[in-house]
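Order of the sequence lines fixes the chain letters, A, B, ..., with proteins taken first and strands second; residue numbering starts at 1 for each chain.
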Amino acid sequence: MTAVAVDPAAVYTLRHADDCLVLSHRLAQWSSRAPSLEEDVALTNIALDLLGQARALYTRTSELDRTGRSEDDHVFQRDERDFVNCLLVEQENGDFAVTVARQLLFSTYQLETWRALGGSTDRQVAAIAAKAVKEVTYHLDHATQWTLRLGDGTAESHERMRAALERLWPYTAELFETDAVTDDVVARGVAGDPQRLRAAWDSSVDQVLREATLERPSTSWTPTGGRRGLHTECFGYMLAEMQHLHRAHPGARW
Amino acid sequence: MSEQVREPLWEVFIRSRRGLSHNHVGSLHAADAQMALRNARDVFTRRMEGISIWVVPSASITASSPDERDPFFEPAADKAYRHPTFYDIPKEVKQL
């Protein structure tokens, strides 16, 4: 489905749309299972924000690649290899600390990305990003508050938060990778250079970790492939569950 | 869940966009004031209900007791002259 002659800008918006969708679905999996009723609502609020961002970006993608695919086509009719989200967002929820760590690492990246896209030469993308900045600012605040409380909390919460960061840290390297797609959109002013987001991401995450009495994990393993449709094992299961109803009953409505 | 210590309870007050005062909307659990404020945002302002939130520890509220209801409130029942219905309200005075 990621055809050869497609406008790189369409691939770029699709990557971010998939990021939003997949993380939205992961967060929705907490529904009715969160540690408290209040947190249940908080996580699903974030999920709905991300779903809204995904919808806007899928719509823009279909305009750019001129395929006319609907939002549902994007979400329910593509196979695992067609999804170009980063590996970080598809990682399983784990315990609450893993979910918080994933949100901290990703929201920090997403906030910097949306800020840069606010100045995009694609005015529709710029408008989507400007609206999303406010939402993601809150997502990051939520994740930050919990990182501080778990990291600087009890011995057990600290240990779980430490383990969560160690588990997810390898997947952060992929966020800042460049390839032919990013080179093209950067050159045309559609997007900022992913590598230039790195410094801001580092200092933002480091500051939270320091305050939370957590150490920055060190790892040399940097898995990659999500942007090319090569995913981790857990993603196929998530997709099967997410797409099952639509595929078993095409066009089902209620 | 049951063996865990519940987080403290907080009372939530919200001022709506056109409202003049904060109104009590409900209560929720949170570990501390900052988390209570965020939980209140998530639970009570999802549909644009407000633009300002107060959270107060429920334990800080001193409430009247149902046992005291008669001595507290009954004496006001027959004092109609306390209502300003005998005066003409000037048009210029709003929010009275």
Side-chain angles (χ1 to χ4, degrees), chain A residues 23-24 27-28 30-53 95-97 99-100 103-104 107 111 131 134-158 160-161 207-208 211-213, chain B residues 1-69 95:
Chain A
L23 186 54
S24 172
L27 290 170
W30 274 107
S31 188
S32 82
R33 292 151 194 241
S36 70
L37 179 65
E38 291 82 352
E39 200 50 43
D40 207 283
V41 181
L43 291 174
T44 41
N45 277 354
I46 295 174
L48 283 173
D49 283 347
L50 290 170
L51 192 63
Q53 294 173 21
D95 61 11
F96 186 63
T99 292
V100 167
Q103 201 66 43
L104 178 77
S107 291
L111 185 59
K131 179 172 181 285
K134 294 176 199 165
E135 295 173 341
V136 176
T137 300
Y138 187 80
H139 305 170
L140 179 55
D141 175 75
H142 184 85
T144 301
Q145 296 295 333
W146 272 117
T147 304
L148 297 178
R149 281 159 182 78
L150 296 176
D152 195 13
T154 65
E156 180 172 358
S157 73
H158 178 91
R160 287 198 188 209
M161 200 61 217
Q207 193 185 336
V208 176
E211 215 180 315
T213 71
Chain B
M1 201 61 204
S2 54
E3 77 277 12
Q4 288 180 5
V5 182
R6 279 310 308 254
E7 293 169 334
L9 194 63
W10 302 76
E11 300 300 323
V12 181
F13 299 82
I14 288 177
R15 183 163 71 80
S16 66
R17 187 170 294 274
R18 304 178 67 84
L20 291 163
S21 58
H22 289 70
N23 292 319
H24 184 241
V25 294
S27 54
L28 47 75
H29 291 275
D32 55 52
Q34 287 306 317
M35 291 309 285
L37 208 49
R38 284 159 178 81
N39 286 349
R41 179 264 193 195
D42 282 320
V43 175
F44 293 113
T45 68
R46 286 157 47 90
R47 299 174 187 88
M48 301 182 69
E49 289 91 338
I51 52 166
S52 173
I53 304 174
W54 289 348
V55 289
V56 178
S58 304
S60 302
I61 291 179
T62 308
S64 62
S65 155
D67 300 339
E68 300 165 327
R69 199 175 68 186
Q95 324 295 356

| note | Those residues of residues 22-43 of chain B that come under 4.5 Å of chain A on a heavy-atom basis, listed by number, are Leu28(B), His29(B), Asp32(B), Gln34(B), Met35(B), Arg38(B), Asn39(B), Arg41(B), Asp42(B), Val43(B)
| field | Best-contacting candidate, His142(A), Glu39(A), Gln145(A), against chain B by heavy atom pairs under 4.5 angstrom | value | Gln145(A)
| said: What's the separation between atom CH2 in Trp10(B) and atom CD in Glu38(A), rounded to the nearest 0.5 Å? | reply: 12.5 Å
